[in-house]
Every structure is written in C-alpha cells, then in structure tokens.
Amino acid sequence: MTPVSLTPVGRRVAVVGAALSDCGRVDDTTPYALHAQAARRALADAGLDRSLVDGLASAGTGTLAPAEVAEYLGLRPTWVDSTSVGGSTWEVMAAHAADAIAAGHANAVLLVYGSTARADIKAGRRTGDLSFGARGPLQFEVPYGHTLIAKYAMAARRHMIEHGTTIEQLAEVAVQARANASLNPEAMFRDPITVDEVLSGPMIADPFTKLHCCLRSDGGAAVLLAAEEYVRDCRTPPVWILGTGEHVSHVSMSEWADFTVSPAAVSGRLAFERAGVRPEEIELAEIYDAFTYMTLVTLEDLGFCGKGEGGAFVEKGRLKVEGGDLPVNTDGGGLSAQHPGMRGLFLLVEAVRQLRGEAGARQVRRRDGSAPGLAVASGTGGWFCSSGTVILGRG
C-alpha cells in the first residue's frame with residue numbers, strides 16, 4: 001500500500017487500531033517488549049502496515065522517550081510527542097496527535113506504552129514508594145512526608161467535609177468497578193467485593209483503605225490514530241475523535257485553589273464544546289481511577305452531576321455495566337483490571353472496544369441491543385495536576 005499524501009488542514013481523525021499487551025502478572029519481560037507487543041497487536045487490529053506510521057507518541061520509558069521506543073520498534077517517525085503529565089499523558093497525546101493529523105503534519109500516529117511496575121518490585125529492581133524527587137516546588141512538601149497518596153487522601157477528606165460525601169459512597173466506586181471487572185476475563189481481580197469489605201481493609205492513607213486504591217500490575221497498550229483517508233483500508237470500523245481538551249492546574253498543593261475541583265472541570269468543558277456534545281448524551285465513561293475519589297470528583301467535573309452530588313450519583317449501581325445508568329470503567333478500571341503506572345492509554349483502548357461492540361460479556365448496549373455511539377475518556381495526572389479528556393464516537 002502506498003502512503004497517502006499529506007492533505008490540507010481539516011481532515012477527520014479516527015482511532016483505527018487499539019490493543020493491549022499481556023497484562024497483569026507478566027514476569028521475565030521488559031517494558032520495551034510490552035511496547036512492541038501492544039504496537040504489533042494495534043497494527044494488526046487496524047490491518048495497516050507499520051511502514052505507514054509516520055508519528056509516534058510515547059512517555060515513561062528510557063531516557064530519551066520516544067526516541068528509544070521508536071528505535072526498538074524499528075520506526076523512523078517524522079512527528080513525535082513525549083509529553084509527560086502523568087496518567088493523563090495519553091489523552092493529551094491523543095489531542096496533540098489528532099491536531100497534527102488534521103493539520104497535515106502526520107498521517108498515522110501510534111500512541112504506545114508499556115510498564116513492568118509490578119514485576120520490577122517483585123524482582124527488587126525498584127521499591128513500592130513512588131517519588132517525584134525533592135527539587136523545585138516539591139522541596140516545600142517532601143520534608144513533611146507528603147506522599148502522592150496522602151495528597152489524594154487530603155482532597156477526598158476535603159470533599160467529605162464540604163459536601164457530606166461519605167466513606168460508604170466512595171467505597172461504592174470500588175465495589176462497582178469490581179462488578180465490571182467480574183465480566184472481564186483479562187482483569188486481575190474479578191471476585192465480588194462489598195462495601196463492608198472495602199471499609200474493613202488495612203488503612204493506607206486516611207480515609208483510603210487498601211481497596212480504595214488501585215492495584216499494581218504489568219502491561220502495555222497501544223492506539224493507532226489515522227487520517228480519514230486510511231479508514232477505507234482498515235480492518236475495523238473507525239472510532240472518530242470528536243473533541244479533546246487538556247488542562248494543567250497546579251503542582252504544589254498550596255497552589256491548588258479548591259481540593260474539590262479537578263482539572264477535568266476545564267479539560268472536560270473544552271472537549272464537550274469542541275465535540276458539540278453534551279454530557280447527557282454520553283453512553284459510557286472511562287475515567288482514571290488510581291483512587292476511588294478520582295472517579296467521583298471527575299464525574300462531577302465532567303458535568304454528569306453537580307458539584308457535591310458525586311456521592312449520591314455513584315450509589316445504587318449507576319456505574320455498573322449491568323443495569324447502570326452510566327457505565328464507568330467498564331473493564332474494571334485501575335481499581336480491579338490493571339494499573340501499570342500511567343494508565344490513561346488503557347482508557348482509550350476500552351472506550352474504542354466498547355464503541356465497536358467488541359467488549360464481550362462487559363459490552364454496554366442500548367435498549368435495542370446495539371453498541372453505544374458516544375464515549376468519553378478522561379485521564380488525570382500527578383495529584384490532580386493535569387487532565388486530558390477525549391470524546392469519541394462511531395459512525
């Protein structure tokens with residue numbers, strides 16, 4: 001197949017390939033190998049040859065990402081992105097890639113990630129403590145033991161104080177994520193859990209017990225974005241990028257104006273406006289969930305409920321694939337499916353699978369049995385420092 005010539009500004013952009021590498025407990029491999037496995041699977045999913053890929057976006061691996069990843073994959077891209085803003089990296093990169101393709105700066109961009117976070121700890125190659133260093137603004141917080149999880153816990157406690165959110169409501173997020181994971185054969189943890197089991201677990205950072213926190217896994221993911229000219233040559237139906245938004249709000253906790261408002265309040269508004277879509281039209285949501293509070297507050301900030309109403313919103317099974325009003329984290333999310341570090345790319349893969357109707361037992365369906373037509377993927381980075389939101393649609 002001859003590569004398509006670059007064309008003027010304004011091309012539509014679609015996700016034409018999406019895949020995961022082996023995930024969960026993956027010993028005796030490397031992050032690069034997981035990158036390659038996910039990339040091969042995404043290209044096979046699309047039915048396109050890797051020679052057509054002229055853009056690469058990657059972060060989190062090596063010293064010179066994405067140059068090292070490109071070399072390992074045998075790619076020589078003419079457009080690259082190594083934006084690194086934590087878990088929201090991949091939604092932000094998808095926005096950048098879509099803009100580049102629409103502007104004619106690239107034709108097909110591969111977003112790819114791989115991590116052996118779990119295996120590295122098991123083998124003693126790293127510890128379980130995540131440190132971002134003690135230079136720059138962080139020097140004013142690190143000496144006081146202000147860990148990443150403590151920052152999320154403080155934000156959750158502020159929401160509880162200001163809006164009456166209960167620990168039981170936060171626990172419901174974990175319970176419903178596990179219910180969705182029970183339908184996903186690729187999820188690490190599938191056994192049902194109860195609110196009482198969440199609450200009675202070992203305390204990690206008040207108010208979070210263990211099951212309020214994401215698991216640690218190995219794994220990789222890849223998504224291939226391409227210009228509309230490629231769609232006719234692809235094996236799978238396109239999932240279109242309808243609108244995107246990104247926002248960076250703070251690094252220092254002292255500069256965060258309101259612990260109860262995440263940067264998704266801005267990235268979500270921008271994405272919905274650019275897509276010409278309202279939150280009430282969305283049929284499923286993939287939301288970054290390193291901790292239960294992230295799901296709750298992001299639902300508020302994306303406009304699915306009012307500020308302070310997230311606790312009531314997540315009750316009564318509303319987030320579940322089976323019978324939920326708004327299925328959220330349909331694969332089980334970072335709380336139950338997999339979480340190998342920066343999980344934002346996994347949100348995009350799951351949203352694409354759902355819109356294509358390829359999610360098996362966890363497939364969200366309309367009343368007529370058809371697959372959903374609109375989804376949102378919203379990633380969060382750091383300690384609510386950044387957010388990227390992508391609206392996707394089929395047809």
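Below, all heavy atoms of this structure are taken into account, side chains as well, without hydrogens, waters or symmetry copies.
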Any idea which heavy atoms bring [X] and [Y] closest together, and the distance?
| X | Y | answer |
| --- | --- | --- |
| Leu335 | Ala174 | CD1-CA, 4.0 Å |
| Ala221 | Leu20 | CB-CD2, 3.7 Å |
| Ser217 | Gln338 | OG-CB, 3.5 Å |
| Leu111 | Ala94 | CD2-N, 3.7 Å |
| Gly114 | Thr61 | O-OG1, 3.6 Å |
| Met93 | Ala57 | SD-CB, 3.5 Å |

Return yes if some donor-acceptor pair links the side-chain N/O of [X] with the main-chain N/O of [Y] below 3.5 Å, else return no.
| X | Y | result |
| --- | --- | --- |
| Gln363 | Ala359 | yes |
| Asp54 | Ala106 | no |
| Gln354 | Pro372 | no |
| Trp240 | Leu392 | no |
| Glu141 | Met253 | yes |
| Asp331 | Glu350 | no |
| Arg50 | Leu73 | yes |
| Arg11 | Ala102 | no |
| Arg362 | Ala181 | no |
| Ser58 | Val112 | yes |

Quick check: do [X] and [Y] have side-chain heavy atoms less than 4.5 Å from each other?
| X | Y | result |
| --- | --- | --- |
| Arg343 | Asp289 | yes |
| Thr380 | Ser262 | no |
| Glu286 | Asn329 | yes |
| Phe346 | Cys23 | yes |
| Val314 | Thr295 | no |
| Phe259 | Ile161 | no |
| Phe313 | Leu326 | yes |

Hey, are [Y] and [X] close enough side-chain-wise for a donor-acceptor pair under 3.5 Å?
| X | Y | result |
| --- | --- | --- |
| Thr194 | Asp196 | no |
| Thr260 | Arg158 | no |
| Gln176 | Arg318 | no |

Leu170/His159 under side chain to side chain contact (heavy atoms under 4.5 Å, CB included): CA gap, chis, key distance, verdict: CA-CA 11 Å; Leu170 288 172; His159 199 282; over 6 Å; no

Evaluate the criterion side chain to side chain contact (heavy atoms under 4.5 Å, CB included) for residue pair Val173 and Tyr293; output intermediate values, then yes/no. CA-CA 8 Å; Val173 175; Tyr293 175 60; over 6 Å; no

Going through the checks in order, is the side chain to side chain contact (heavy atoms under 4.5 Å, CB included) test met by Ile282 and Phe272? CA-CA 10 Å; Ile282 295 295; Phe272 281 114; 3.6 Å; yes

Please determine whether ring-ring contact (aromatic ring centres under 6.0 Å, His included) holds for the pair Phe208 and Tyr152, giving the CA-CA distance in whole Å, both sets of side-chain angles, and the decisive distance to 0.1 Å. CA-CA 9 Å; Phe208 296 146; Tyr152 280 102; 7.6 Å; no

Pairs where residues 36-49 contributes a residue and the test side-chain hydrogen bond (donor to acceptor under 3.5 Å, both in side chains) is met, not counting sequence neighbours: Asp22-Gln37, Asp22-Arg41, Asp45-Arg235, Asp45-Arg356, Asp49-Ser51

Atom [atom1] of [X] and atom [atom2] of [Y]: how far apart are they, to the nearest 0.5 Å?
| X | Y | atom1 | atom2 | result |
| --- | --- | --- | --- | --- |
| Ser115 | Leu34 | OG | CG | 8.0 Å |
| Ile391 | Leu302 | CD1 | CG | 7.5 Å |
| Glu229 | Ile101 | CD | CD1 | 10.0 Å |
| Ser267 | Glu246 | OG | CD | 9.0 Å |
| Glu281 | Leu374 | CD | CG | 6.5 Å |
| Ser84 | Asp81 | OG | CG | 10.0 Å |

Under the salt bridge (Lys or Arg N to Asp or Glu O under 4.0 Å) definition, can you give me all pairs with a residue in residues 89-113, not counting sequence neighbours? none

According to salt bridge (Lys or Arg N to Asp or Glu O under 4.0 Å), does anything in residues 385-395 pair up with another residue at least two apart or in another chain? List the pairs. none

By the ring-ring contact (aromatic ring centres under 6.0 Å, His included) test, which pairs, at least two apart or in different chains, include something from residues 59-95? Tyr32-Tyr72, Trp90-Tyr113

Before we go on, tell me: are the rings of His339 and Tyr288 under 6.0 Å apart, centre to centre? yes

Qualifying residue, where the test is side chain to side chain contact (heavy atoms under 4.5 Å, CB included) with Arg118 and the options are Leu215, Asp27, Val26: Asp27

Is it true that Glu300 and Lys307 have a side-chain N and a carboxylate O under 4.0 angstrom from each other? yes

Are any of the side-chain nitrogens in Lys320 or Glu322 under 4.0 Å away from the carboxylate oxygens of its partner? no

For a side chain to side chain contact (heavy atoms under 4.5 Å, CB included) check, start with the C-alpha distance between Ile287 and Leu347, then their side-chain angles and the critical distance, and finish with the verdict. CA-CA 7 Å; Ile287 292 174; Leu347 309 181; 5.9 Å; no

Cation-aromatic face contact Arg25/Phe189, 6.0 Å, 45 degrees: yes

Between Trp256 and Phe384, how do the two ring planes meet: parallel, tilted or perpendicular, split at 30° and 60°? tilted

Taking side chain to side chain donor-acceptor pair (under 3.5 Å) as the definition, give me every residue that meets it alongside Ser386, ordered by chain and number, with sequence neighbours left out. Ser88

Would you say CD of Glu315 has more than 12 non-hydrogen atoms from neighbouring residues, nucleotides or ligands within 6.0 angstrom? yes

Which residues pass the ring pair (Phe, Tyr, Trp, His ring centres under 6.0 Å) test with His247, not counting sequence neighbours? none

